[in-house]
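Below you'll find the structure, written out as structure tokens, and then a few comments.
Values below: every heavy atom of this structure, side chains too, minus hydrogens, waters and symmetry copies. Please read these numbers as outputs of a predicted model, since none were measured by experiment.
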Amino acid sequence: MMNVGAGTASGDDGSSAVSQWSFTVWRQYQHILDKSTPLVLRRWIFFSIVVLIYALRVYLVQGFYIITYGLGIYIIQLLIAFLSPQVDPEIHELSDGPTLPTRGSDEFRPFVRRLPEFKFWHSLTKGFFIAFVLTFFSAFDVPVFWPILLFYWFVLFVSTMKRQIMHMVKYKYVPFTFGKQRYTGKKGASSSEDALLVQ
């Protein structure tokens, strides 16, 4: 009886150690993610390196095209979520809810993505990392004629992007912030108030 109890206690210690280790690893991973959030350019440079490593692996192995095709479909799905507004104006138009402003006199509402930039980057990086790991398992190297997959992916990408661009034009929104006017907020007002106080 005592041996059984001792064995159970040591088994609990082993599972406790594994759960403690996995918690520590997860916490470190989350800490790195939190610190990388404001470093947009560095994150995308890291992502470009990951893509380059994956492309080099697929090129050198000359296989795993079905994994790459699945990754391409995943990229299209993420891109659509990244370019779409959080609140779809098509759905709210039917329910008479709030919509994106269509005239200059409408109230300004900033564009909020369905998939924020950080989550977009994180999901893409995870997708490429998982695809890279799958290239080490020969079971996923299904023989296919890759030019047909590439052509089909390109047709799917063009048709999806065409639909997305038509949606943007119809509801008059732009999902990018390049060239948009930025407002400084209260800094200008507080400096003019300070100038009045000095006088």
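- In F118, the CZ atom is crowded: over 12 heavy atoms of neighbouring residues, nucleotides or ligands sit closer than 6.0 Å.
- Note: Y54 and F128 have perpendicular aromatic rings, judged against thresholds of 30 and 60 degrees for the angle between ring planes.
- Between W121 and V40, every side-chain heavy-atom pair lies at or beyond the 4.5 Å cut-off.
- Side-chain contacts under 4.5 Å among hydrophobic residues (ILVMFWY), followed directly or transitively, place F151 together with V155.
- Between F132 and F136, the ring planes lie perpendicular to each other; the angle is over 60°, past the 30° to 60° tilted range.
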- [ ] Start with the C-alpha distance between R43 and S36, add both sets of side-chain angles, then the distance that settles side-chain hydrogen bond (donor to acceptor under 3.5 Å, both in side chains), and finish with yes or no.
- [x] CA-CA 7 Å; R43 282 192 283 110; S36 70; 4.6 Å; no
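- Transitive grouping of hydrophobic side chains (ILVMFWY, heavy atoms separated by less than 4.5 Å) keeps I45 and L52 in distinct clusters.
- Distance check, rounded to the nearest 0.5 Å: CG of L124 to NE2 of H122 gives 11.0 Å.
- Residues Y74 and S123 are in side-chain contact: their nearest non-hydrogen atoms beyond the backbone lie under 4.5 Å apart.
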- [ ] Please test W44 against F47 for ring pair (Phe, Tyr, Trp, His ring centres under 6.0 Å), starting from the C-alpha separation and ending with a verdict.
- [x] CA-CA 5 Å; W44 285 103; F47 171 72; 5.4 Å; yes
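- Under the 4.5 Å side-chain heavy-atom criterion for grouping Ile, Leu, Val, Met, Phe, Trp and Tyr, I32 is not connected to W26 through any hydrophobic cluster.
- Criterion: ILVMFWY side-chain heavy atoms under 4.5 Å apart, direct or through other members. Under it, L78 and F46 are part of a common hydrophobic cluster.
- Cluster note: W21 groups with V25 through ILVMFWY side-chain heavy atoms spaced under 4.5 Å, whether in direct contact or through intervening members.
- Contact record, M161 with L79: CE-CD2, 3.7 Å, taken as the closest heavy-atom pair.
- Cluster partners of L56, using a side-chain heavy-atom cutoff of under 4.5 Å among ILVMFWY residues and allowing indirect links, are Y59, L60.
- For Q62 and W146, the side-chain atoms include no donor-acceptor pair closer than 3.5 Å.
- Between V158 and F154 there is a side-chain heavy-atom pair separated by less than 4.5 Å.
- A donor-acceptor distance shorter than 3.5 angstrom exists from the side chain of D141 to the backbone of F64, with no hydrogens or angles considered.
- Following chains of ILVMFWY side-chain contacts shorter than 4.5 Å, one cannot reach M166 starting from F157, and the two form parts of different hydrophobic clusters.
- Here the closest heavy-atom approach between residue A131 and residue L71 is recorded as CB-CD2, 4.0 Å.
- Taking CD1 of I67 as the reference point, atom CG of L134 lies at 4.5 Å (rounded to 0.5 Å).
- Using cut-offs of 30° and 60° on the angle between ring planes, the pair F120 and F82 is parallel.
- In the hydrophobic clustering of this structure, L41 does not group with L39; members are Ile, Leu, Val, Met, Phe, Trp, Tyr whose side-chain heavy atoms approach within less than 4.5 Å, directly or through other members.
- Partner Y69 forms a side chain to side chain contact (heavy atoms under 4.5 Å, CB included) with one of V144, L149, V142 and no other, that one being L149.
- Side-chain contact check for W153 versus T68: every heavy-atom pair is 4.5 Å or farther apart.
- At a threshold of 4.5 Å between non-hydrogen side-chain atoms, the residues F140 and T135 do not count as touching.
- Counting all heavy atoms, side chain and backbone alike, T160 lies closest to L156 at OG1-O, 2.7 Å.
- The structure places CD of E117 at 9.0 Å from OG1 of T37, a figure rounded to the nearest 0.5 Å.
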